[in-house]
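Some notes on the structure that comes next.
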Amino acid sequence: AMSEKATMLREADLAFGELRGAFDGLTDEDMRRVWLGTWSVREILIHIWGWHDEMAAALGRVAKGDAPYPKGTYDDFDAWNARFVDQKAGVKSADVVAEVETSHRKLVAAAAALPEPLFAVDGAARGPFDGAGAGHYREHTEQIRQWRQG
């Protein structure tokens with residue numbers, strides 16, 4: 001059987017591929033059509049990119065033996081999500097897609113650099129990696145698929 005770490009790395013890449021498939025072929029206009037509250041696919045991807053960056057940094061702290069982030073840092077998810085979207089307001093859809101891919105690779109690389117025990121059920125890497133990786137991708141893949149099926 002594959003190790004927990006190997007399994008999680010593989011799952012992240014597979015789930016990211018599914019996410020890519022979910023928004024593949026959308027035009028810039030499609031990407032900007034609002035349907036999830038105030039969000040379009042573009043905002044969903046910006047939000048994924050934002051959490052990639054935050055959790056790659058968290059895994060960097062785990063690598064040094066520190067906590068992933070100070071307790072309470074991310075209690076207000078909505079505020080963080082709004083901040084990510086505001087920060088990237090002018091970014092073209094094609095560039096958002098490119099940055100989501102780059103930041104996915106950065107997150108996976110940060111996880112890959114960590115030792116196996118950190119991926120155990122109570123390991124410090126597990127929550128941040130799944131939270132911004134496979135688990136997160138699957139949630140949004142499902143939403144996008146349902147939207148596209150009308």
Side-chain angles (χ1 to χ4, degrees), residues 5 7-114 118-119 122-150:
K5 176 181 169 178
T7 301
M8 287 190 74
L9 291 169
R10 186 166 164 267
E11 289 291 304
D13 278 333
L14 286 172
F16 188 75
E18 287 166 15
L19 175 68
R20 281 288 340 232
F23 67 79
D24 207 35
L26 292 176
T27 64
D28 182 59
E29 190 186 352
D30 294 331
M31 297 271 290
R32 290 173 181 275
R33 190 168 297 127
V34 172
W35 55 273
L36 186 69
T38 59
W39 283 8
S40 65
V41 171
R42 191 179 159 280
E43 280 78 39
I44 291 172
L45 296 180
I46 286 172
H47 146 93
I48 290 171
W49 167 14
W51 288 110
H52 280 162
D53 284 351
E54 289 297 317
M55 292 304 111
L59 293 176
R61 290 188 283 273
V62 168
K64 296 188 185 98
D66 298 328
Y69 40 81
K71 203 166 168 48
T73 303
Y74 299 114
D75 284 358
D76 191 348
F77 280 118
D78 291 339
W80 281 91
N81 289 334
R83 191 176 314 163
F84 296 144
V85 169
D86 287 347
Q87 282 169 350
K88 317 290 189 194
V91 183
K92 293 189 192 107
S93 298
D95 293 334
V96 170
V97 170
E99 289 297 342
V100 166
E101 291 182 333
T102 300
S103 61
H104 163 75
R105 287 194 295 270
K106 198 169 93 179
L107 178 72
V108 170
L114 298 172
L118 292 171
F119 294 88
D122 58 351
R126 196 179 182 95
F129 186 45
D130 192 56
H136 197 210
Y137 304 152
R138 291 198 176 107
E139 173 195 338
H140 291 299
T141 296
E142 193 51 40
Q143 290 169 334
I144 296 168
R145 282 179 180 159
Q146 285 178 358
W147 169 65
R148 291 190 78 171
Q149 285 158 10

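What you see is a predicted model, and the numbers here were worked out from it, not measured in a lab.
Side chains of H47 and H136: a donor-acceptor N/O pair is present below 3.5 angstrom, by distance only. Judged by distance alone, the side chains of E54 and Y69 never bring a donor and an acceptor atom under 3.5 Å apart.
Checked for salt-bridge contact, D28 and R32 meet the test: a charged N lies under 4.0 Å from a carboxylate O. For E99 and K92, the salt-bridge test fails: no basic side-chain N is under 4.0 Å from an acidic carboxylate O.
Side-chain contact check for T141 versus F23: every heavy-atom pair is 4.5 Å or farther apart. Side-chain contact between K88 and V96: absent, with no pair of heavy atoms (C-beta onward) separated by less than 4.5 Å. Side-chain atoms of R42 and S93, non-hydrogen and from C-beta on, do get closer than 4.5 Å to each other. Considering only heavy atoms from C-beta on, L114 stays 4.5 Å or farther from F129 through its side chain.
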Take V41 and D30 through the test side chain to side chain contact (heavy atoms under 4.5 Å, CB included) and record every step on the way to the result. CA-CA 8 Å; V41 171; D30 294 331; over 6 Å; no
Would I144 and L19 satisfy side chain to side chain contact (heavy atoms under 4.5 Å, CB included), going step by step from the backbone distance to the final call? CA-CA 8 Å; I144 296 168; L19 175 68; 4.1 Å; yes
Audit row: R105, F16, side chain to side chain contact (heavy atoms under 4.5 Å, CB included) steps and yes/no: CA-CA 10 Å; R105 287 194 295 270; F16 188 75; over 6 Å; no
Using side chain to side chain contact (heavy atoms under 4.5 Å, CB included), reason through I44 and W147 one step at a time and then give a plain yes or no. CA-CA 13 Å; I44 291 172; W147 169 65; over 6 Å; no
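The aromatic ring centres of H52 and Y137 sit less than 6.0 Å apart.
In this structure, CG in D76 is found 6.0 Å from CG in D78, a value given to the nearest 0.5 Å. Taking CG of N81 as the start and CG of D86 as the end, the distance is 11.0 Å to the nearest 0.5 Å. Atoms CZ and NZ, on R126 and K5 in that order, are 13.5 Å from each other to the nearest 0.5 Å. Q146 CD to Q143 CD: the interatomic distance, rounded to the nearest 0.5 Å, is 8.0 Å. Of the inter-residue distances, the one linking D24 atom CG with L26 atom CG reads 8.0 Å to the nearest 0.5 angstrom. Note that the OG1 atom of T7 and the CZ atom of F119 stand 11.0 Å from one another [nearest 0.5 Å].
Enclosure of atom CZ in R33 by more than 12 non-hydrogen atoms of other residues, nucleotides or ligands within 6.0 angstrom is indicated.
A pairwise comparison of heavy atoms in A110 and A56 identifies CB-O, 4.0 Å as the closest pair. Across every non-hydrogen atom of P128 and L59, the tightest pair is CB-CD2, 4.1 Å.
In this structure, R61 contributes its side chain and P68 its backbone to a donor-acceptor pair below 3.5 Å. Looking at W80, its side chain does come within 3.5 Å of a backbone N or O of T73 through a donor-acceptor pair.
Scored by the side chain to side chain contact (heavy atoms under 4.5 Å, CB included) test, E43 finds W39, S40, V85 as partners (sequence neighbours excluded).
Using a 30° and 60° split on the angle between ring planes, F84 and W51 fall in the perpendicular class, above 60°.
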